[in-house]
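What follows is a short report on a single structure.
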Amino acid sequence: MPVHPTTVALPTAAPDPRHRPRYHFLPPANWLNDPNGLIHWNGEYHLFYQYNPAGPFHALIHWGHAVSADLVHWRHLPLALAPEPGGPDELGCWSGCAVDHDGVPTLVYSGNSAVGQRACVATSADGMQTWQKFAGNPVIAAPPPGLDLVEYRDHTIWQEDAVWYQLIGSGIRGAGGAALLYRSADLYAWEYVGPLCVGDARTTAPVWTGSMWECPDFFELGGQHVLAVSVWDAGQLYYPVAFVGDYARHAFTPARLGKLDYGSSFYAPQTFRDASGRRVMFGWMREQRDEAAQRAAGWSGAMSLPRILALGAAGVLEQRPAPELEQLRGRHIHAQAVGVAETNALLAGVSSDTIEIMLELAPGDAAEVGALMLRSPDGAEQTRLSYHCAERRLALDTTRASLSGSAHGGVDSGPLELAAGEPLRLRIFVDRSIVEVFANERACVSGRAYPTRESSAGLELFASGGSATVVALDAWELGAIW
């Protein structure tokens, strides 16, 4: 039956300008989580997302919808999907994907009901303005028989030789996370093929992958294939990981595994291929303050910046911020071939509240180098990004990011091997309460910071245990996307 997107209107504003991002996408108010249905259609980028119109908390989930001509500036559209009382999605329209089915935009999503999550389909006949749910939903009535599964939801779909293939996220009890493979001639009648990949929850090296995989995404990149999943275990959300390997005859053989982001905020990423052939990824930037603070703010959750994926040497997955973001750049500061102290003199008047920093450091004989952001003059509040040279480890420390008891900081870190003579190259984006860091295009760490002081906007570089050289620094104040 038709979905009437105007039954729930988007609110017009949220009352929390202090920490509300200016250049990361988020709805006008209330709850956002997973990116869904990412697709480039007729020259426009469409972003769907998990949304609760009733408030800044996870409850009865709808699909929000926005569109952009440039991947940066967004326009809100009416809600795309709403739960249907008595239907297979009466308890929520959960995560899914979008495909072009012979010129018809088609959504496949998890309908949540008393029997669990089941695959449902909706299509649009008016350029994605409104959506009609398939009368025969759900299109997969039950999980595969004979498997003792831990959860069963979320979808990624692709086409091979006129046949559609789908992965559904799950876990096999006693084994680990699983991506279950199906095939179909028409997106409506599906045949179970078998597990495409099963993890081992007993193994922690190189990365622990938990008991269940949410939000599977599977795609070709640089001559290999990538399976990205988000690690779930016993109701706890952990982090997204990516397997890189070979795919042939509907069998996937992983060769490399790593985290997509070492931070504790980035989760549930989804990718799509745009008209220029780029593989673009968005993720959910989770809040790291308690529910009371989120309710008081009137909003919760934002999208990451759009990231462009590539496959580098030895199968290393590389991530870069989309170049379209450069159009937001405003006032600019530049320095090169100077010491850290001299650079800090140039940065004395710079606010790191909404900024992009492109920094190349030669660590020299320093033990640790990095940047202090959102820093108060006395240092009581600060977010610390550091590279530990001997340990070859990148870390984001938010333990002092906020003096508020509602904010929950910590230290997130991951390995970053620099070759002999290779400088540390950082792209840092600070957007009020969001910090996203790209290091040498092969390691990312993201987090949240909620400074309480108006003066907590300073930016400083540091080197400890020795000296380091700023090979080059460029910093830009960034404008808003609305």
### Query
Within the side chain of S352, is there an N or O that forms a donor-acceptor pair under 3.5 Å with the backbone of G458?
yes
### Task
Flag the pair Y238 / W208 as yes when their ring centroid distance falls below 6.0 Å, and as no otherwise.
yes
### Taking every non-hydrogen atom, the tightest pair across G199 and T209
CA-OG1, 4.3 Å
### Query
Charged N to carboxylate O under 4.0 angstrom, E441 versus R320?
yes
### Query
In Å, rounded to the nearest 0.5 Å, how long is the span from CG of L394 to CG of L424?
7.0 Å
### Summary
In terms of heavy-atom contacts, P306 and F282 come closest through CB-CZ, 3.5 Å
### Task
Check whether any side-chain N or O of T343 sits under 3.5 Å from a backbone N or O of G339 as a donor-acceptor pair, and report yes or no.
yes
### Query
If we ignore angles and hydrogens, is there a donor and acceptor under 3.5 Å between the side chains of D378 and S376?
yes
### Task
Kindly confirm or rule out a cation-pi arrangement of R295 over W31, judged by NZ or CZ under 6.0 Å from the six-membered ring centre and within 45° of its axis?
no
### Query
Do H40 and Y45 have ring centroids that are under 6.0 Å from one another?
yes
#### Entry: Under 3.5 Å: donor-acceptor pair, side chain of D261, backbone of F266
no
#### Entry: Close aromatic pair by centroid cut-off 6.0 Å: W41 and H46
no
### Message
Quiz question: by atom type and distance under 3.5 Å, do the side chains of H332 and D474 form a donor-acceptor pair?
### Response
yes
### Message
Are F243 and W213, when compared by the centres of their aromatic rings, separated by less than 6.0 Å?
### Response
yes
### Task
Could you tell me whether R329 and E324 make a salt bridge, using a distance below 4.0 angstrom between a side-chain N and a carboxylate O?
no
### Spacing of E477 atom CD and D353 atom CG [to the nearest 0.5 Å]
10.0 Å
### Main-chain N/O of G37 paired with Q270 side-chain donor or acceptor, under 3.5 Å
yes
### Query
Does any donor atom in the side chain of S304 or H24 lie under 3.5 Å from an acceptor atom in the other side chain?
no
### Distance-only donor-acceptor check, side chains E381 and T452, under 3.5 Å
yes
### Under-4.0 Å salt bridge between E220 and R279
no
### Query
Can the ring centres of F218 and Y247 be said to be less than 6.0 Å apart?
yes
### Task
Spell out, as yes or no, whether a donor-acceptor pair under 3.5 Å connects the side chain of D233 to the backbone of Q236.
no
### Task
Taking all heavy atoms of R331 and all of V350, pick out the closest pair and write down the distance.
NH2-CA, 4.3 Å
### Aromatic ring proximity H76/W482, centre distance under 6.0 Å
yes
### Message
Would you say T354 and D431 are linked by a side-chain donor-acceptor pair, where the criterion is simply a distance under 3.5 Å?
### Response
no
### Message
Between N344 (side chain only) and E460 (backbone N and O only), is there a donor and an acceptor less than 3.5 Å apart?
### Response
no
### Query
Are Q288 and Y450 linked by a side-chain donor-acceptor pair shorter than 3.5 Å?
no
#### Entry: Test: R392 cationic atom under 6.0 Å from Y387 six-membered ring centre, within 45° of axis
no
### Query
Counting only N and O atoms by type, is there a donor-acceptor contact under 3.5 Å from the side chain of D154 to the main-chain atoms of P216?
no
### Message
Can you tell whether the side chains of E318 and R442 come within less than 4.0 Å, N to carboxylate O?
### Response
no
### Task
Mark yes or no: R286 above the aromatic ring of Y267, with NZ or CZ under 6.0 Å from the six-membered ring centre and no more than 45 degrees from the axis.
yes
### Query
Does a side chain donor of either S265 or R448 reach within less than 3.5 Å of an acceptor in the other side chain?
no
## Note on the structure
A293 and S406 have their tightest heavy-atom pair at CB-OG, 3.6 Å
### Lys/Arg-Asp/Glu bridge criterion (N-O < 4.0 Å) met for D412, K259
no
### Query
Are any side-chain N or O atoms of R432 and backbone N or O atoms of P17, one a donor and one an acceptor, separated by less than 3.5 Å?
yes
### Query
Just by modelled atom types, is the F25 backbone N or O under 3.5 Å from a matching donor or acceptor in the W74 side chain?
no
### Message
For S276, is there any backbone N or O sitting under 3.5 Å from a side-chain donor or acceptor partner on D274?
### Response
yes
### Query
For residues D34 and S95, is any side-chain donor paired with an opposing acceptor at under 3.5 Å?
yes
### Minimum-distance pair of heavy atoms, taken over all atoms of L257 and P206
O-CG, 3.7 Å
### Message
Is the distance from the ring center of H250 to that of Y165 below 6.0 Å?
### Response
yes
### Query
Between F48 and Y109, does the ring centroid distance fall short of 6.0 Å?
no
### Message
Testing the basics here: between T271 and L38, what is the closest heavy-atom pair and its distance to 0.1 Å?
### Response
N-CD1, 4.3 Å
### Message
For F462, does the six-membered ring have the charged nitrogen or CZ of R384 within the cation-pi criterion, i.e. under 6.0 angstrom from the centroid and within 45° of the normal?
### Response
yes
